[in-house]
J.: 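Before anything else, here's the structure in question.
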Amino acid sequence: MDELLLSIRELTTQYITEDSVVHAVNGISLELKTGGSVGLVGESGAGKTTTAYSIMGLLPKLTGKITGGSIIFQGKDLTKIPEDEMRKIRGNQISMIFQDPMTSLNPILTVGDQIAEVLEIHGTATKEEAIAKAGDMLEMVGIPRERMHEYPHQFSGGMKQRVIIAIALACNPKLLIADEPTTALDVTIQAQVLRMIKELKAKLNTSLILISHNLGVVAQVCENVAIMYAGRIVEYGPLRQVFEAPMHPYTEGLLNSIPRIELDKTRLSPIRGMMPDPSVVPPGCIFRPRCPYAEQECAVRAPRITEKSGRNVMCLMHEGIIANKMRVDHA
Amino acid sequence: MHELSGAEPILQVKNLKKYFHTPRGELHAVDDVSFEIQEGRTLGVVGESGCGKTTTGRAILRLIEPTSGSILFDGMDITSMDKHRLRMIREKMQIIFQDPYSSLDPRMTVSGIIAEPLIIHRRVSGKKELARRVQKLMEMVELEDRLSSAYPHELDGGRRQRIGIARALALEPKFIVCDEPVSSLDVSVQAQILNLMQDLQDQLGLTYMFVTHDMAVVKHISDEIAVMYLGQIIEKSPAKELFRHQYHPYSRALISAIPKIEAAGADTATILKGEIGSPIEPKPGCRFAPRCDYCIGKCLSENPPLKAVGPERYAACWRAEEM
Amino acid sequence: MEQQMTSANLPVSGISTDRKRKSAFQEFWRRFRKNKLAVAGLAVVVLYILMAIFADLFYSYDFITQNQISNAFAKPLTRAEVDDGNTTVQHLYILGADNFGRDILGRIIHGARVSMVIGFTTIAFACIVGSALGAIAGYYGGKIESVIMRGTDILLAIPNILFALAIVAALGPSFQNLLLAIGITSIPAFVRLMRASVLTVKNQEFVEAARALGARDFRIIVRHIMPNCMAPIIVQATLGIAQSILSATSLSFLGLGIQPPSPEWGNMLSDARSYISYAPHTLLFPGLAIMTVILAYNLIGDGLRDALDPKLKR
């Protein structure tokens, strides 16, 4: 149970085009135990999806490139293995669910065939077995077996997302990466799907990386959370602790800027400014221009990861370089 | 009609219906919706996709022609207005769109977009005055001056949405339909825009109809909230109260389904069975009945009307009092 | 606090507007330039246009329409005496002479003028009429759309050449009638293309925003919809020019277009085909001229399609 499944070390991924280099992921490190779950939270451009694509080996061939670090999955470095070996892992041991259920299914194949297809690709079953298993998978995600002969357009958005989850789990993968799996769904349907993901994860002992911009969604499902900003993990730790007492100014800003059901706020406190240009890497702390606590030192000195009571944070305030001015100190 | 105490409402919608013809029958997008908004207040309209909230907003501005019902703006019935008078009234009623990418003409500059309403309605007499007015509007929505000759695609979502707001404000409207104005924005930018909209409301005395699917946002910005389900308002309540107690089973499920940060890990959602029904030729009876745990015989035969269930609270449920 | 003040004034990401804006055309050009074949096509077309404009500087019209029977079928690079009315002078037939002893290069150069005029005017006509009809059909829909689209369907059902033949036969073979015939047959492509683009653009929210502002239909169509539909129209116009030059030469070849002795590539081919085995160069060079110009326009069209496609933008 406590065995390490995935270990990302100093992963750096860039998109290289003719006239610029986009620094999408800048040296992130992350560990995931078998059966564990981590939420990647951040705004658009934070590098969440690029991280997922790097793990899956699905970066766009011409432009995307892992330029440093390693991704150790069950003892193998995924950044070093050849494509045909990666293909055996993909969909079999690591599966991914994409955001848009409307376009993730092939409209001219029945849903049963699409589930069976992944089983056949990975050679784990004969045609008949695969089709029988497809029926089982559909039932597991709460869709009657008889519907396997229907086409995607006969399903609603929530149902399609269930089918996609069934495909992703068909080969009983060790790791499931879900990229905004419920963003396109309505709240009540989202609740259904999130509960299902949670239950299936527990039942199959699958590890989960859940990518979302919605802090609430991550809070429902994950044990740990990694807050991403401009290609870095600025804060990492047990989800409850991070959300209750954020250590990084960005996490704090994020929590303050969202309207909350549970609190009666009359006014939100947004983070000023916006995401930095990912093709320019300034010296110092990347969050400095937007940080309410920034000092001179932050402009020149890049913060490193500091470990504090089981949590990681990337801020000079916690390195003891500058004074900690956040309201709560968690030393 | 239920009476709200106090000032004369700026907008009164009575029995608004919008049906679309489809090959499979009549689609009841908005089915007998009535409400009013007091001047300077915000009515939040929430619901899931297909509940008719967007169609309601569009029909009020007659961007979609209503099938029946009346819409009184400042006491004038705009459903019966001809094209010419409608154009005049459009100065007073505006709209802010969800998608700041597709709602701005990609071939026009920022100042061109903001100036357009002023040109259409001949509000300015010369180039100088136009430039001055545009500059003032940009200031109002906190857009940097240097962006005036930029094109929308060069800007981020937040700034684009500010352009959309400036355009809507150009004619000094009294009432603005806000159609999911922050749904496509990142949370930190979303907060900036929500604050801006609140500030503008205070400064200019604007009335908002705020359409959204985001319960947290609607709670934050609204004075009153109307919850829609399959073309009908099923509950209406002052914003804060709605989150304390719900009289309609659907509102209850909707609010419990919101993933909450505080309740990390604890799954408190009431999961609704099934999915939203079809709005095409709906069956008699309550629209929510097939998914409702409280459904009784009457629910299947008679559609409950929206009736008072408490002070300033209305619900369309036969069993609202028991909830 | 001081820190906050300065950071608020920093240039923010996502908008290096000055750099980007100046280059709206440059950006297009940068992308177009990457396609070497399209650039080659553009060079060829520019060359033909220059030739057409300055045709009289190379050869006078009288000279290339005057028979010099004694020099008939002169081979390329032949030097021979020609009669220019009063005196005889030495003349170098660079690409040889045709069956009447007229200079082929001269006739090709003057023919370029005719072809370019035909190409541009017919397409300008078709583009304006077709786009307007297409925009109206797409924007208003309903009965108007049915009428316009069925009209274009009928036009499309008649083979272009046949239709042009009918017009020219009915109104007589003149230059104007040729332009009219080709212009009309080029309309349907623009109508369909414009209608299709309008249908996608009109549902975008900025069009609805304009309606909400109280803008009139005319303003919405002209200011908002049509400018956003121009990219495919420009591509079609380029390809259309090639098509209409080809139609003109075909009609002339059939004796229904430009009448001899006026030089036109089609009628040059028509005259030369009887002598194909005896003097192949009389057929070869006008043929090459047609081929290169058509190819060049098509290459430009493909290049434009790529350069104007917003989906390919980074």
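Every chain is numbered from 1, with letters handed out A, B, ... down the list of sequences.
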J.: Which heavy atom of A191(B) sits nearest a heavy atom of S257(A), and at what distance?
T.: CB-O, 3.2 Å

J.: Below 4.5 Å from any heavy atom of chain A, which atoms of Q192(B) appear? Answer side chain, backbone, both or neither.
T.: both

J.: Considering only heavy atoms, which portion of T266(A) lies under 4.5 Å from any heavy atom of chain B: side chain, backbone, both, or neither?
T.: backbone

J.: Sub-3.5 Å donor-acceptor pair from the side chain of Q192(A) to the main-chain atoms of G274(B), do we have one?
T.: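 It does hold such a pair.
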
J.: Between the side chain of E275(B) and the main-chain N/O of S156(A), is any donor-acceptor distance below 3.5 Å?
T.: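 Looks like no, no N/O pair under 3.5 Å.
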
J.: What heavy-atom pair brings E48(B) and V187(A) nearest, and what distance separates the two atoms?
T.: OE2-N, 3.4 Å

J.: Could you pull out all residues at least two apart from F97(B) that satisfy ring pair (Phe, Tyr, Trp, His ring centres under 6.0 Å)?
T.: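 In terms of ring pair (Phe, Tyr, Trp, His ring centres under 6.0 Å), with neighbours along the sequence ignored, F97(B) is linked to no residue.
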
J.: Looking at V217(B), V187(B), N195(B), which hits side chain to side chain contact (heavy atoms under 4.5 Å, CB included) with L268(A)?
T.: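 Answer after filtering V217(B), V187(B), N195(B): N195(B).
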
J.: Please indicate whether K240(B) has more than 12 foreign heavy atoms, meaning atoms of other residues, nucleotides or ligands, lying under 6.0 Å from its NZ.
T.: yes

J.: How would you list, in number order, the residues of residues 157-164 of chain A that have a heavy atom less than 4.5 Å from chain B?
T.: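 Within residues 157-164 of chain A, the residues that come under 4.5 Å of chain B (heavy atoms only) are G158(A), M159(A).
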
J.: Determine whether more than 12 heavy atoms belonging to other residues, nucleotides or ligands lie under 6.0 Å from atom NZ of K273(B).
T.: yes

J.: Work out which heavy atom in D186(B) is nearest to a heavy atom in E43(A); give both atom names and the distance.
T.: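 Closest approach of D186(B) to E43(A): CB-OE1, 3.0 Å.
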
J.: Under the salt bridge (charged side-chain N to carboxylate O under 4.0 Å, His left out) rule, collect the residues that match up with R287(B), sequence neighbours excluded.
T.: D31(B)

J.: Heavy-atom cut-off 4.5 Å, strictly under: side chain, backbone, both or neither for I258(A) against chain B?
T.: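 When you check distances to chain B, only side chain atoms of I258(A) fall under 4.5 Å.
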
J.: Could you tell me which portion of Q190(A) (side chain, backbone, both or neither) has an atom closer than 4.5 angstrom to a non-hydrogen atom of chain B?
T.: side chain

J.: Below 4.5 Å from any heavy atom of chain B, which atoms of L255(A) appear? Answer side chain, backbone, both or neither.
T.: side chain

J.: I'd like to know whether I258(B) forms a side-chain contact (heavy atoms from CB on, under 4.5 Å) with R260(A), so could you lay out the CA-CA distance, the side-chain angles of the two residues, the decisive distance to 0.1 Å, and finally the verdict.
T.: CA-CA 10 Å; I258(B) 307 162; R260(A) 307 268 275 270; over 6 Å; no

J.: Test of understanding: with side-chain contact (heavy atoms from CB on, under 4.5 Å), list the residues that count as partners of T183(A), not counting sequence neighbours.
T.: Q99(A), E180(A), H213(A)

J.: Which distance, rounded to the nearest 0.5 Å, do you find between the CD of Q220(A) and the CD1 of I261(B)?
T.: 10.5 Å

J.: How far does OG1 of T188(A) sit from CD1 of I276(B), to the nearest 0.5 angstrom?
T.: 7.5 Å

J.: Between D156(B) and M275(A), does the side-chain contact (heavy atoms from CB on, under 4.5 Å) criterion hold? Intermediate values first, please.
T.: CA-CA 10 Å; D156(B) 61 283; M275(A) 288 288 248; over 6 Å; no

J.: Show the nearest heavy-atom pair for residues S188(B) and P270(A), with the distance to one decimal.
T.: O-CB, 3.6 Å

